[in-house]
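In what follows, a structure is listed as structure tokens, so that the remarks can point back to it.
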Number of protein chains: 2
Amino acid sequence: MILEKKKTFNAFAARQGLRSTRQRDVILDVFLATHEHLSVEELYLKVKASQPGIGQATVYRTLKLFVEAGLAREMMLPDGQTRYEHQLVGEHHDHLICTGCNAIIEFEDEQIEQLQRDIAKRHGFSLTAHKMQLYGLCPTCLRATA
Amino acid sequence: MILEKKKTFNAFAARQGLRSTRQRDVILDVFLATHEHLSVEELYLKVKASQPGIGQATVYRTLKLFVEAGLAREMMLPDGQTRYEHQLVGEHHDHLICTGCNAIIEFEDEQIEQLQRDIAKRHGFSLTAHKMQLYGLCPTCLRATA
DNA sequence: CAAGTTATTGAAAGTCGTTTTCAAAAGGCC
DNA sequence: GGCCTTTTGAAAACGACTTTCAATAACTTG
């Protein structure tokens, strides 16, 4: 699966006439090895740990490429940092976010997606993307608050 | 209705021990007179037109108060600016956004809200808020693209 | 209503995430 | 290996927003 993603990126790079560099390889490896919703800063630290000397700017630039290549998705939380998560082709999930501990739970709901398509259709829109975040307190934080 | 909102704010101000100032009155008037999803910058320009000398910082500070008072809602679009819209008590709508012309259409869907509550419940969350944006092309932009 | 206390203000400086600039370095092609 | 072009890192620039701070304005109290 990681190999598959690397292929996806290489295909994209070839299509765009991008050069293959050590930096991009490292950043892709680091990104693919994670499973959280990481900020650029966090990614940058991991990258630097594995290859000191790689600059932040390169990490920023490369993550944008991943989005273009379709293997990452940007998400903006109210904390003001852009975070990146893996994007599996054809799959799109949404987020349930705990405002207590910032935990993020992913979910998918085909019924909601269908209703979203209905709404778009009703307004004559051709839908290309959507974002949905539910905010609340997770069971642990609820218990702590009570 | 505008009067009602002013009362809401005054009540909030009194509760918080806030002082009543000319600046806050002006900003509230300007805000209530709008019907779009305005950025702070846009609001600031309108405010300055009506009362030159009011600073940006005051507009930023005051809009946050409106949110706390429950009469405005923040929304962040991918353009990086925070926008504010009116918030009617008990009503919460979502947005359908045209990526061509940036038009914003508001909608409400009780079915989706119910499903959201179900999802939260399933994960043991106590839901406090949600954000949902659908992105696509509006009929006009669709026609222009074709 | 004057005096004192405290909140509020505007301007400017500061933050912080992100982007751009630019010269040096590296990649790919002949 | 040379040549042209992309990519890079460091530092500067950017832009939205927040903070600082001294001046000013709003309540409170006597």
Side-chain angles (χ1 to χ4, degrees), chain A residues 9-31 37-69 72-84 102, chain B residues 9-31 37-69 72-84 102:
Chain A
F9 183 67
N10 289 335
F12 168 81
R15 213 179 314 129
Q16 303 280 310
L18 300 179
R19 289 180 182 170
S20 136
T21 68
R22 180 182 53 86
Q23 286 84 334
R24 298 217 257 244
D25 287 349
V26 171
I27 298 170
L28 183 52
D29 279 341
V30 169
F31 176 66
H37 304 79
L38 294 177
S39 66
V40 183
E41 181 66 17
E42 289 163 340
L43 248 334
Y44 168 60
L45 291 176
K46 279 178 187 286
V47 164
K48 223 173 41 175
S50 135
Q51 281 282 325
I54 292 184
Q56 294 206 48
T58 303
V59 177
Y60 273 97
R61 289 188 274 235
T62 305
L63 283 168
K64 290 195 152 183
L65 289 179
F66 293 171
V67 172
E68 284 181 60
R73 188 157 70 139
E74 270 187 351
M75 60 179 295
M76 325 255 296
L77 265 54
D79 72 347
Q81 292 205 150
T82 304
R83 292 171 178 280
Y84 290 88
N102 293 311
Chain B
F9 183 69
N10 289 336
F12 168 82
R15 213 179 315 130
Q16 303 281 310
L18 300 179
R19 290 180 181 171
S20 138
T21 69
R22 181 181 54 85
Q23 286 84 335
R24 298 216 257 245
D25 287 348
V26 171
I27 296 169
L28 183 53
D29 279 340
V30 169
F31 176 67
H37 304 79
L38 293 177
S39 66
V40 184
E41 181 65 18
E42 289 163 339
L43 248 335
Y44 168 59
L45 291 176
K46 278 178 188 287
V47 165
K48 224 173 41 174
S50 134
Q51 281 281 326
I54 293 184
Q56 293 206 48
T58 303
V59 178
Y60 273 98
R61 290 187 274 235
T62 306
L63 283 168
K64 289 195 153 183
L65 289 180
F66 293 171
V67 172
E68 284 181 60
R73 187 157 72 138
E74 270 186 351
M75 62 179 294
M76 326 254 298
L77 265 53
D79 72 347
Q81 294 205 150
T82 305
R83 293 171 178 280
Y84 290 88
N102 292 312

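Reminder, nothing fancy here: chain letters follow the sequence lines and each chain counts from 1.
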Could you check whether any side-chain heavy atom of [X] comes within less than 4.5 Å of a side-chain heavy atom of [Y], counting everything from C-beta outward?
{"X": "Leu38(B)", "Y": "Lys46(B)", "value": "yes"}
{"X": "Val59(A)", "Y": "Ile27(A)", "value": "yes"}
{"X": "Gln56(B)", "Y": "Lys48(B)", "value": "no"}
{"X": "Leu18(A)", "Y": "Phe12(A)", "value": "yes"}
{"X": "Gln51(A)", "Y": "Arg22(A)", "value": "yes"}
{"X": "Lys64(B)", "Y": "Tyr60(B)", "value": "no"}

- Query: Where along residues 38-48 of chain B does a heavy atom fall under 4.0 Å from DNA chain C?
  - Reply: none
- Item | Salt-bridge contact Arg83(B)-Glu42(B) (side-chain N to carboxylate O under 4.0 Å) | yes
- Terminal axes of the helix from dC1(C)-dG30(D) to dC30(C)-dG1(D) (5 end pairs apiece), angle rounded to 10 degrees, sit apart by 20°
Rounded interatomic separation in angstrom, taking [atom1] from [X] and [atom2] from [N]:
{"X": "Gln16(B)", "N": "dT6(C)", "atom1": "CD", "atom2": "C1'", "answer": "16 Å"}
{"X": "Met76(B)", "N": "dT18(C)", "atom1": "CE", "atom2": "C1'", "answer": "14 Å"}
{"X": "Gln23(A)", "N": "dA26(C)", "atom1": "CD", "atom2": "C1'", "answer": "9 Å"}
{"X": "Asn10(A)", "N": "dG27(C)", "atom1": "CG", "atom2": "P", "answer": "15 Å"}
{"X": "Gln56(B)", "N": "dG10(C)", "atom1": "CD", "atom2": "C1'", "answer": "11 Å"}
{"X": "Asp25(A)", "N": "dA26(C)", "atom1": "CG", "atom2": "C1'", "answer": "13 Å"}

- What about the rings of Tyr84(B) and Phe31(B), do their centers lie closer together than 6.0 Å? no
- Item | Considering all heavy atoms, the nearest Glu74(B)-Val67(B) contact | CG-CG2, 4.1 Å
- Shortest non-hydrogen contact from Ser39(B) to Gln81(B)? CB-NE2, 3.0 Å
- Task: State whether the side chain of Arg24(A) and the backbone N or O of Arg19(A) hold a donor-acceptor pair below 3.5 Å, judged by distance alone.
- Result: yes
- Query: Is Thr62(A) reaching over with its side chain to a backbone N or O of Thr58(A), donor-acceptor style, under 3.5 angstrom?
  - Reply: yes
Does [X] have a side-chain nitrogen or oxygen under 4.0 Å from the phosphate oxygens OP1 or OP2 of [N]?
{"X": "Tyr60(A)", "N": "dT18(C)", "value": "yes"}
{"X": "Lys64(A)", "N": "dT18(C)", "value": "no"}
{"X": "Thr21(B)", "N": "dT9(C)", "value": "yes"}

- Query: Taking the nucleotide of DNA chain D with the closest heavy atom to each, which residue, Asp79(B) or Arg22(B), is nearer the 5' end?
  - Reply: Asp79(B)
- Message: Base, sugar-phosphate or nothing for Gly17(A)? Non-hydrogen atoms, less than 4.0 Å.
- Response: nothing
- Message: Over all strands shown, is Arg24(B) touching base, sugar-phosphate only, or nothing at heavy-atom distances under 4.0 angstrom?
- Response: sugar-phosphate
- Among the nucleotides dG28(C), dT19(C), dA7(C), which one has an atom lying closest to any side-chain atom of Arg19(B)? dA7(C)
- Of all nucleotides in DNA chain D with an atom under 4.0 Å from a non-hydrogen atom of chain B, which is the first and which the last going 5' to 3'? dA16(D) to dC27(D)
